[in-house]
Amino acid sequence: MNIIYTKSFDNTVKKLKKHTIVANNLKELTEKIIIHNSFNEIEQNPVMTTIYKFHQLKHQNSEFYAFNLEKNGGVIRLIVMPTTIETEIIFVYISYNHYKDFTPDKLRFYDE
């Protein structure tokens with residue numbers, strides 16, 4: 001799986017320096033994502049849905065998905081989205097307040 005990073009993600013990931021356990025969880029999750037062959041495999045993987053609580057967001061954010069980076073509850077989430085290429089995933093944003101600090105208009109790509 002190929003990971004595409006947005007400006008928004010790179011800006012929000014910087015704050016993880018204060019959260020070492022969450023930063024380690026992000027690294028571990030990234031390694032697990034890379035070994036998948038498609039976005040669909042991630043959706044079907046029980047480890048992703050059980051441990052990382054992978055799920056699709058609702059309402060105006062329904063094109064996005066999230067992983068819980070704190071594993072045992074908590075409010076820090078990695079927000080991702082699929083691309084038109086099945087073997088790619090976009091790391092969109094890290095929410096530090098259970099999605100309350102994320103809206104699609106905050107999404108910034110590098111080609112903008």
Side-chain angles (χ1 to χ4, degrees):
M1 176 75 69
N2 184 36
I3 298 172
I4 298 168
Y5 300 94
T6 64
K7 278 185 188 179
S8 305
F9 172 81
D10 287 341
N11 289 335
T12 55
V13 78
K14 293 174 187 175
K15 294 180 190 176
L16 279 183
K17 291 178 184 174
K18 299 177 198 172
H19 307 275
T20 32
I21 293 172
V22 177
N24 289 335
N25 289 345
L26 175 61
K27 183 179 177 189
E28 180 183 298
L29 174 62
T30 302
E31 291 168 358
K32 287 183 170 128
I33 288 172
I34 289 171
I35 63 170
H36 289 83
N37 294 317
S38 69
F39 192 84
N40 189 45
E41 276 186 23
I42 294 171
E43 288 180 296
Q44 303 303 317
N45 185 328
V47 170
M48 298 301 197
T49 57
T50 306
I51 294 175
Y52 294 101
K53 309 288 189 240
F54 181 68
H55 65 282
Q56 186 172 10
L57 302 184
K58 296 179 181 176
H59 310 296
Q60 75 273 11
N61 295 334
S62 64
E63 65 186 288
F64 300 98
Y65 294 75
F67 293 95
N68 184 339
L69 291 177
E70 296 185 87
K71 291 185 183 176
N72 298 326
V75 296
I76 301 176
R77 305 288 193 275
L78 167 63
I79 300 174
V80 300
M81 66 186 291
T83 70
T84 55
I85 301 169
E86 184 63 25
T87 58
E88 289 182 342
I89 188 169
I90 300 172
F91 279 25
V92 174
Y93 193 86
I94 294 183
S95 170
Y96 290 89
N97 193 13
H98 200 261
Y99 320 117
K100 292 177 185 164
D101 56 346
F102 172 74
T103 56
D105 61 323
K106 288 187 176 186
L107 178 57
R108 299 288 178 260
F109 288 92
Y110 277 104
D111 56 0
E112 292 179 342

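Remember, it's a predicted structure, so these values are computed and weren't measured experimentally. Excluded from the calculations below are hydrogen atoms, water molecules and symmetry mates; all remaining heavy atoms, backbone and side chain alike, are included.
- Here the closest non-hydrogen pair linking F64 and M81 is CE2-SD, 3.6 Å.
- Q56 approaches S62 most closely through the heavy-atom pair NE2-O, 2.5 Å.
- Once rounded to the nearest 0.5 Å, the distance linking CG of L107 with CD of E63 reads 8.0 Å.
- From F9, atom CZ reaches atom CD1 of I90 across 12.5 Å, with rounding to the nearest 0.5 Å.
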Practice problem: Kindly determine whether T30 and F91 satisfy side-chain contact (heavy atoms from CB on, under 4.5 Å), including the steps that lead there. | Solution: CA-CA 10 Å; T30 302; F91 279 25; 3.7 Å; yes

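- Taking every heavy atom of both residues into account, I42 and M48 meet most closely at O-CB, 3.7 Å.
- Both V47 and V22 are part of a single hydrophobic cluster, where members link through side-chain heavy atoms under 4.5 Å apart.
- Evaluated for a side chain to side chain contact (heavy atoms under 4.5 Å, CB included) with H19, the options N24, L26, N25, I76 yield exactly one hit, I76.
- Residues Y96 and L29 share a hydrophobic cluster, clusters being chains of Ile/Leu/Val/Met/Phe/Trp/Tyr side chains in contact below 4.5 Å.
- Rounded to the nearest 0.5 angstrom, R108 CZ and T6 OG1 are separated by 10.5 Å.
- When the shell of 6.0 Å around CD1 of I21 is examined, it contains 12 or fewer heavy atoms from other residues, nucleotides or ligands.
- What you find for I94 and T12 is that their closest heavy atoms are N-OG1, 3.0 Å.
- Using cut-offs of 30° and 60° on the angle between ring planes, the pair Y65 and F54 is parallel.
- Residues F39 and M1 approach most closely at N-CE, 3.2 Å, considering heavy atoms.
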